[in-house]
Each structure stands twice: as C-alpha cells, then as structure tokens.
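Note sheet for the following structure.
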Amino acid sequence: MESADKRGWDELLPEVLGLIFSNLSLEDVLTVVPRVCKSWHKVVKGPYCWQIIDIEEWSDHQSHLNRIDRMLRLLITRSNGSFRKLSVSRLHYDHTFSFIADNSRSLQILRLTRSKISDSIVEQLADRLSGLTFLDLSFCDKIGSRALEAIGKHCKSLVGLCLNMHPLDMWDKPLQKDEAHAIATTMTKLKHLELTCFCLDTTSVLEIICNCRNLEFIDLRGCWDVKLDSKWVKDKFSKLMVLGPQVVDHSEKHCCWESEDSSYYSDSVYDYESWDEFDDDGRLEIILYEGQGEDSAHDWPSSP
C-alpha cells in the first residue's frame, strides 16, 4: 500500500520543479513537459524555468532572424527580469539588445556570439549591464574599442571575456591596439580572456597581462604577430597560462569559460487538454519552434 503522506509531482513547489526541469533536454522541456499536467504547464510558463535562458543552438539554425528577436522577448518577459544567464547567437537588431539591457537587473552571464549589434548601442547601454561577471562577444565583428571601454568602466565585476574571431574575418584588418588598450585599462579584474585570431601584436598583449594582474588564462591562438618569451612570462606571471599563438588542433573548439554551469531552459504553453485553446503566446511559440524549414536537421521531436 502506498504511503498516505506521499506527495505527487504536481504538488512540488514551482521553484523545485523549475530546478528539476533544468536537467532535462531542451527538446523535452519544449514539447513534453508542458503537456504532462496543468501544474507543470504553469511552471514552465512562469519565471522559475527562466533563471537561465540558453537558446544559442536553436538560434544558430534559424533562417528568419526576426524569430530570434521574438523568442528572446517572449522568454525574457516570462522570466520577469530574473534571468541570470542569457546565451543567444546571431542577434542582429540593436533594439533587441536594448530590450535585453532594460531587463537585465539579475544578469551575470551574457553570450551574444555571431551577433551584429553595433559598437554604439553597446557603448550606450553598458551601464545597464553592471552586474556582468562573464561576457562572450565572439565573432561579433562590429564591436570595437568604444564598446569594450564602456563595458570595462561599468562592469566592475567582470572576470571572464571572450572575443574570439574567425581568421577569414580578420584577414585584412589592422592591429586592434585600441581594443587591447581598452581591455588593459578598464578590465583589470579579468581572470579569463579569449582572443583567438584577434589582430594583436606583442606590445598589446604585454599591456594586457601587465595591467590585468589577476589573469589566470589567456587564449592567443591564431594571433601570429604575438611573440612572447615563455620563460619570462612564467617567471613574471607564475599563475598565468598562455595558450597559443600556435593552433595545435584546428578542430578544437574554443573553451568558453563561465562562472556558472550552463543549463537548458525553454518553454511552451501547449494546453494539454485541448489543442483549440492556445493563448496568443502559445500560437507564437508554435511558429518559433516549428518554423525551422524543411531541410533543418534540428526539428523538435513530436509530442507524445
């Protein structure tokens, strides 16, 4: 006989369910969880599942960029401004970045890889991102020294920065001395810095490592103009690990360090009792989730 004091899954506190759901795959949270019962539907729709918003892989495969904008607005609204981490790729609109900044009171980790946001919008809104501890702007070819200086001045808790670039995008670019100077003079608390294929010379790198005395790791793979004396670095900065400039393994992915473990969170508002009772958000989500194109290899599995 089952114990009378056993509680059903649907009776767990919303914050506990949100924590449990964070261990599921993105696909399961999107298509399965909301249809299990009304209480799970409610939890997935609320802020407890949105402390971490990670749609980087999903956004990488969107053929219509406006879907990324709409998805972000939906999920950030769901979080009620309580999200601590946001990961998204190919963000193209400055007004979307502005929306993120306006709702970032709890944001600590921000990854905007392969995005086209402008230097000026980041410079303008950096003061609203003061809680950041980790920032990834890899492959964002419009970000320059102005944005980096503003981030350094306003994000005083920043300890991790990634500015990895693609070698083809940097082929004919001049040395990025202003960018290096902005990092060296305004981000002195950095512990982890990734600058693969950045246009740097030895002088710029020395300025960074001499000013950022807390640095424990710097990735310089593909920075072919940098010539560091490894013995001097080891003697002078015993805690610093330097990777590169040689690229040992071309298939190796850059190691994007973060101050917290990543988890997938996502959302769906499918009504588990009736397909005819979607609210406006539900209709929007169906378009966002399922509109991936006929050739997509990343379609979500069918709901049970």
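It should be emphasised that the depicted structure is a prediction, and the values quoted were computed from it without experimental measurement.
Applying the ring pair (Phe, Tyr, Trp, His ring centres under 6.0 Å) test to every pair with at least one member in residues 95-118, sequence neighbours left out, gives these pairs: Tyr93-His95.
Contact between Cys223 and Cys197 at its shortest, heavy atoms only, is SG-N, 4.0 Å. Here the shortest heavy-atom pairing between Gln246 and Trp224 reads CA-CZ3, 3.7 Å. Minimum heavy-atom separation, Gly81 to Arg105: O-CG, 3.4 Å. Taking both residues in full, the closest heavy atoms of Lys142 and Ile117 are given as CB-O, 3.5 Å, listed atom of the first, atom of the second, then distance. Ser104 and Ala101 make their closest contact through OG-O, 2.8 Å (heavy atoms, listed as atom of the first residue, atom of the second, distance). Taking each heavy atom of Ile68 and Ser89 in turn, the nearest pair found is CD1-O, 3.8 Å.
Considering only heavy atoms from C-beta on, Asp225 stays 4.5 Å or farther from Thr202 through its side chain. Under the 4.5 Å side-chain criterion, counting only non-hydrogen atoms from C-beta, Leu132 is in contact with Leu129. At least one side-chain heavy atom of Ile151 sits under 4.5 Å from a side-chain heavy atom of Val122. Under the 4.5 Å side-chain criterion, counting only non-hydrogen atoms from C-beta, Ile218 is not in contact with Met241. The closest side-chain heavy-atom distance from Arg84 to Ile52 is below 4.5 Å. With a 4.5 Å cut-off on side-chain heavy atoms, Arg111 and Leu86 do not count as touching. Counting heavy atoms from C-beta on, the side chains of Leu220 and Val242 come closer than 4.5 Å. Contact check for Leu158 versus Thr133: no side-chain heavy atoms found under the 4.5 Å cut-off.
Partners of Ser98 under the side chain to side chain contact (heavy atoms under 4.5 Å, CB included) rule, at least two apart in sequence or in another chain, are Asp102, Leu125. Under the rule for a side chain to side chain contact (heavy atoms under 4.5 Å, CB included), the partners of Glu207 that lie at least two apart in sequence or sit in another chain are His181, Ala184, Thr185, Asn211.
The structure places CZ of Arg128 at 10.0 Å from CG of Asn103, a figure rounded to the nearest 0.5 Å. Atom CG of Leu91 is separated from atom CG of Leu72 by 6.5 Å, given to the nearest 0.5 angstrom. Here the CG atom belonging to Leu161 is positioned 9.0 Å from the CD atom belonging to Glu194, to the nearest 0.5 angstrom. Taking OG of Ser59 as the reference point, atom NE2 of His92 lies at 11.0 Å (rounded to 0.5 Å). Distance CZ/Phe83 to CG/Leu110: 8.0 Å, rounded to 0.5 Å. With values rounded to the nearest 0.5 angstrom, Leu74 atom CG is found 9.5 Å from Ile55 atom CD1.
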Next item on the list: Give the C-alpha distance, both sets of side-chain angles, the deciding distance and a yes or no for side chain to side chain donor-acceptor pair (under 3.5 Å) between Ser204 and Gln176.
Entry: CA-CA 8 Å; Ser204 294; Gln176 295 172 288; over 6 Å; no
Next item on the list: With side chain to side chain contact (heavy atoms under 4.5 Å, CB included) as the test, would you mind laying out the steps for Thr188 and Asn214 before giving the verdict?
Entry: CA-CA 7 Å; Thr188 56; Asn214 294 325; over 6 Å; no
Check: Going through the distances and angles, do Phe139 and His166 end up as a ring pair (Phe, Tyr, Trp, His ring centres under 6.0 Å)?
Finding: CA-CA 6 Å; Phe139 315 112; His166 193 284; 7.1 Å; no
Margin query: Phe217 vs Leu193, test: side chain to side chain contact (heavy atoms under 4.5 Å, CB included). Steps then yes/no.
Written below: CA-CA 6 Å; Phe217 175 84; Leu193 179 59; over 6 Å; no
Next item on the list: Go through Asp201 and Lys177 one step at a time and tell me if the side chain to side chain contact (heavy atoms under 4.5 Å, CB included) criterion holds.
Entry: CA-CA 8 Å; Asp201 59 9; Lys177 294 184 178 182; 3.3 Å; yes
Checklist line | Lys191/Leu215 under side chain to side chain contact (heavy atoms under 4.5 Å, CB included): CA gap, chis, key distance, verdict | finding: CA-CA 4 Å; Lys191 293 183 179 180; Leu215 264 183; 5.6 Å; no
Next item on the list: Could you go through the side chain to side chain donor-acceptor pair (under 3.5 Å) check for Ser79 and Gln51 one step at a time?
Entry: CA-CA 7 Å; Ser79 77; Gln51 303 301 301; over 6 Å; no
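Between the side chain of Asp136 and the backbone N or O of Ser138, at least one donor-acceptor pair lies under 3.5 Å. With Thr186 contributing its side chain and Ala182 its backbone, the two residues share a donor-acceptor pair below 3.5 Å. Checked by atom type and distance alone, the side chain of Arg90 pairs as donor or acceptor with a backbone atom of Gln62 at under 3.5 Å. Of the possible polar contacts, none joining the Asp119 side chain to the Ile121 backbone as a donor-acceptor pair under 3.5 Å is found. A side-chain donor-acceptor contact under 3.5 Å links Ser115 to the backbone of Leu112.
Using a cutoff of 4.0 Å between basic side-chain nitrogens and carboxylate oxygens, Asp229 and Lys231 are not scored as salt-bridged. Electrostatic pairing of Lys116 and Asp94 does not count as a salt bridge here, judged by no charged N lying under 4.0 Å from a carboxylate O. A salt bridge links Glu123 and Arg146; the closest N-O separation between the charged side-chain nitrogens and carboxylate oxygens is under 4.0 Å.
Exactly one residue among Thr196, Asp141, Leu137 makes a side-chain contact (heavy atoms from CB on, under 4.5 Å) with Met165. That residue is Asp141.
Cluster annotation: Leu168 and Ile143 are assigned to distinct hydrophobic clusters (Ile/Leu/Val/Met/Phe/Trp/Tyr, side-chain heavy-atom contacts under 4.5 Å, transitive).
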